[in-house]
2 protein chains.
Amino acid sequence: MPRQVDHDRRRRQIAEAVWRLAARGGLEDVTLRQVATEAGVSARLLQYYFGTRDELLLGALEILNDDAEQRARERLATLGGAPGMHAVVRGVLLELLPLDAERRNRHLVYAAYFVRFLADPVLGKVARAAPHALENLVAGLIAQGQELGQVSRDVDAAAEATFLVAGADGIQATVLLGQRTPEEAVALIDHQLARIFTATIRG
Amino acid sequence: MPRQVDHDRRRRQIAEAVWRLAARGGLEDVTLRQVATEAGVSARLLQYYFGTRDELLLGALEILNDDAEQRARERLATLGGAPGMHAVVRGVLLELLPLDAERRNRHLVYAAYFVRFLADPVLGKVARAAPHALENLVAGLIAQGQELGQVSRDVDAAAEATFLVAGADGIQATVLLGQRTPEEAVALIDHQLARIFTATIRG
DNA sequence: ATTTTTATGGTGCGATCGAACCATAACATC
DNA sequence: GATGTTATGGTTCGATCGCACCATAAAAAT
């Protein structure tokens, strides 16, 4: 076994090139040659690490998903000792907004893939996994908030959770298009959260 | 002036082919040859009516926008004599959902164009026009509802309007991905509207 | 009937695409 | 040091792309 090279590192390096190109010009611009140039490797290497172009697109998406989950966990972990339901839900929703270059790029990549998700069953499967889990997570957090008296019993936790996630997603698009600043987006989220989490200033 | 042919009709015929292809496989699949085949005309005709490929993409988008606006007006006109604010807002929001093949296709086309909107200033200008107007429209309707006592004075009309539009947009995406049925989507919208339009059954 | 403008089809060119193929440098193992 | 596997670069091929160019049918204008 010669020439041990960190395969995951190489794959990530190539995947990041795919992301940049997809975010910049859509999947049309993700050609093997452009990816190779952007990643600073030879085109042959793409075949070696990913195989065909479709497999490259799939692989880059999987790595992006793993990345998103890990970053989200990291950021949620920085919320402090006992965050409280309000803060946690806020953290989850803010993960959907393009508040920094990394998140902005990620959501642009998802946008570039979107239509493909419908046509390609394999990609679709990968894409459909995440959002539903998010809604359930938020719904559970709101329900916990009800147990703790931070949320009125009158609210429909599942319905509100779904609409919060969908709303954050919709606001994300407007920020990407430059119709709204990130600050305005956060304010809109906070406005809705203040409505749902009535009985809380801290937590 | 010979051979008078309905130019608009021809352009629409070609534009519809662009929409179908874009909805099916993204802008990558919108090649001149494929569009020509899909529209049942010669590739030469695309050049004649639209010019370059970029101009074709722009033209097809403009026609789509005009179409969307006209269809929305038509549907709103069928709401009956004195619709009331609740029903009008509902009608506007439902226009954002893929409740039939036409609306589904339209939103898929927008999705296919999305990343382009950021890179191409011309396309971006066309795309940015619509949504902001929608939010203002809904905000105005909610404000009118407040005047008429159908909406509490406590609600922030602008903030709620924005979140309603964004939420409808986000829900739209989940319906397109098959994560939610159109009926569930409508129910979610109605749930939010029932919260905002408190004092109304016939509204 | 001739002319002129509009509308349409076909064909060819240079560039680029995805992917298969061929070569070989690097290195662990024996 | 010989050997065999892993990792990388380069080249080539058939297909397809956008688009420019050439031809001509159809009909209004003269």
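Every heavy atom of this structure was used, including side-chain atoms; hydrogens, water molecules and symmetry mates were not. The chains referred to below are lettered A, B, ... by the order of the sequence lines, with proteins before strands, and numbering in each begins at 1.
Counting only heavy atoms from C-beta on, B/L32 has its side chain closest to D/dG18 among C/dT8, D/dG18, C/dG9. Across C/dG18, C/dA7, D/dC17, the shortest atom-to-atom separation from the side chain of A/T52 is found for C/dG18.
Look at B/E135 and A/R180 and you find a salt bridge, because one of the NZ, NE, NH1 or NH2 atoms lies within 4.0 Å of a carboxylate O, short of that distance. Salt-bridge annotation for A/R20 and A/D29: absent, with no side-chain N of the basic residue lying under 4.0 Å from a carboxylate O of the acidic one. For the pair B/R75 and B/D100, the salt-bridge criterion is met [side-chain N within less than 4.0 Å of a carboxylate O]. Here B/R53 pairs with A/E28 in a salt bridge; the nearest charged N to carboxylate O distance falls below 4.0 Å.
For B/R53 against D/dG18, a side-chain-to-base donor-acceptor contact under 3.5 Å is absent.
In this structure, CZ of A/R44 is placed 12 Å from C1' of D/dT11, rounded to the nearest angstrom. Going from atom CD1 of B/I14 over to atom C1' of C/dA7 covers 12 Å, rounded to whole Å. D/dC17 atom C1' lies 14 Å from atom CG of B/L57, rounded to whole Å. Between the OH atom of B/Y48 and the P atom of C/dT5 there is a distance of 13 Å, given to the nearest Å. Nucleotide C/dG18 holds its P atom 10 Å from the CG atom of A/L46, rounded to whole Å. Straight-line distance from the CD atom of A/Q47 to the C1' atom of D/dC13: 13 Å, rounded to whole Å. We find that CD of B/Q13 is positioned 14 Å from C1' of C/dA7, with the value rounded to whole Å. Atom CZ of A/R11 and atom C1' of D/dA7 are 15 Å apart (whole Å).
For C/dT8, one of the phosphate oxygens OP1 or OP2 lies less than 4.0 angstrom from a side-chain nitrogen or oxygen of B/Y49. Taking only side-chain nitrogens and oxygens, B/T31 comes nearer than 4.0 Å to OP1 or OP2 of D/dC17. Residue B/H7 has a polar side-chain atom (N or O) positioned under 4.0 Å from OP1 or OP2 of C/dA7.
How far CG of A/D169 is from OG1 of B/T174: 9.0 Å, rounded to the nearest 0.5 Å.
Residue-level contact check: A/V35 touches neither bases nor backbone, having no heavy atom under 4.0 Å from any strand. Here A/R33 lies in heavy-atom contact (under 4.0 Å) with a base.
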